[in-house]
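What follows is one structure encoded as C-alpha cells, with my remarks underneath.
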Amino acid sequence: MSDVFVVVEAYPVHSGLTAWRGDDPTVLVMGADDPSLLAAWLRFYPVDSVTLVYRPAVARQARFAATLASGAVSAVPVAHVTHRASALAAVLACSAVAPRREPLVAKIEQLERVLTTSRSGVVLRSLSGLNDPSPGLGRHLASLLPWGGVSVVQFAPEVHFSRESKAGTGSADYWLQAWRVTEGDCPLVGPLQSATVERPVIDVRAEYGSRGREFALLGWPTDVREPFGRCPVCAADCLRPVCPVCHVHVLNQESVA
C-alpha cells in the first residue's frame, strides 16, 4: 500500500495509464482522453491514496477521472494538484515526494511548493504552435526566422521567454539536445539541481507545436511555515485553510485552543 501520484497530460508518450519509471509504481502518467482508466486501475491495485497532478488545460478531464475513481473505490481518497510547470517537472517532483514518510497532506503541500518555486519549461525550435503561454506576435514572428536559434519558454515560477543564439554551438540542434533534463540516481531533493530525463513524459511536438525538449530545475524550499490548523476529517495539520485531501475547511489553531 502506498500513496500514488498520477500526472494527467493531453499528449503522453505512452497511451493509457503507465508507470513513468518501471521500478517506481507510485508515479504514473495518464492520458486525459480516457478518464475511466484510473477507476479500472484502482480495482486491481490496492493503494492508500491517489493524487492527480495536472495542468489547467486538462482540468475538466482530470476531475472527471477523479470522480469516476472515487465512485469505483470509495475507500481510497483522491486529491488534486493543479500546476503550471512542465510535465517533466511534475513527474520529477512527484518522484521526490512520493517516497517520503509523511502524511499525504504534507506530501501534497510539499509538491505544490516545489512546482511553484522550481524553474521549468520547454526549449522549442519555433513558437508558431505555442498558445499557452502566448508568446505574442513579435516573438512568434521572430521564432520563424531561419537564422535564429531556439526559444526557451519558462513556465514556472513565472512565465519568461528568451532566445538562445546558435553562435558558438554549431546549430540550434545543440540546444535541443543540451537542454535534456538527465535524471540522476536519486530523487531530486535538496538545493537547486538540474535534472534531465532520457525518458520523456509527453510528445513535445503535439503539446507545444514544435520540436523541442522540456526542462526542469527543481529546488526544495527550505522555509518552514506554521500549520494553519487541523483537518476535522483526517486530523492532519494543514498549511492552508482547506485540506488538500479531504477538501474541507480546517479548524484554525486559535479557534481550537
Connected via hydrophobic side-chain network under 4.5 Å: [X] and [Y]:
| X | Y | value |
| --- | --- | --- |
| L104 | V248 | no |
| V242 | L115 | no |
| V47 | V73 | yes |
| Y45 | M30 | yes |
| L68 | F5 | no |

Can you see whether Y208 engages E214 through a side-chain donor-acceptor pair at a distance of less than 3.5 angstrom? yes
Are a donor atom and an acceptor atom from the side chains of S120 and S118 found within less than 3.5 Å of each other? no
Does some side-chain heavy atom of [Y] sit less than 4.5 Å from a side-chain heavy atom of [X]?
| X | Y | answer |
| --- | --- | --- |
| D48 | V76 | no |
| H83 | V53 | yes |
| R205 | Y11 | no |
| V6 | L17 | yes |
| E109 | E102 | no |
| L28 | W20 | no |
| V81 | L52 | no |
| K107 | D3 | yes |

Of the non-hydrogen atoms in [X] and [Y], which two are nearest, and what is the gap between them?
| X | Y | answer |
| --- | --- | --- |
| S128 | G209 | OG-O, 4.4 Å |
| S86 | G121 | CB-O, 3.6 Å |
| V153 | F215 | O-CE2, 3.9 Å |
| P232 | V250 | CD-CA, 4.0 Å |
| V58 | A32 | CG1-CB, 3.8 Å |
| L42 | A69 | CD1-CB, 3.7 Å |

Got a second to check how far [X]'s [atom1] is from [Y]'s [atom2], nearest 0.5 Å?
| X | Y | atom1 | atom2 | result |
| --- | --- | --- | --- | --- |
| L38 | T67 | CG | OG1 | 11.0 Å |
| W41 | T18 | CH2 | OG1 | 11.5 Å |
| L37 | D34 | CG | CG | 4.0 Å |
| I202 | R55 | CD1 | CZ | 5.0 Å |
| E112 | I108 | CD | CD1 | 7.0 Å |
| E158 | R119 | CD | CZ | 9.5 Å |

Would T51 and V78 count as a side chain to side chain contact (heavy atoms under 4.5 Å, CB included) here? Give the steps. CA-CA 6 Å; T51 301; V78 179; over 6 Å; no
S74 side-chain N/O to G71 backbone N/O, donor-acceptor pair under 3.5 Å: no
Show the numbers, then the answer: is there a side chain to side chain contact (heavy atoms under 4.5 Å, CB included) between D132 and R84? CA-CA 10 Å; D132 184 18; R84 290 191 173 275; 4.0 Å; yes
Show the numbers, then the answer: is there a side chain to side chain contact (heavy atoms under 4.5 Å, CB included) between C94 and L111? CA-CA 7 Å; C94 288; L111 177 64; 4.1 Å; yes
Decide yes or no on side chain to side chain contact (heavy atoms under 4.5 Å, CB included) for S2 and V4, but give the supporting numbers first. CA-CA 6 Å; S2 59; V4 173; 4.1 Å; yes
Can you check whether F161 and F155 have ring centres sitting under 6.0 Å from each other? no
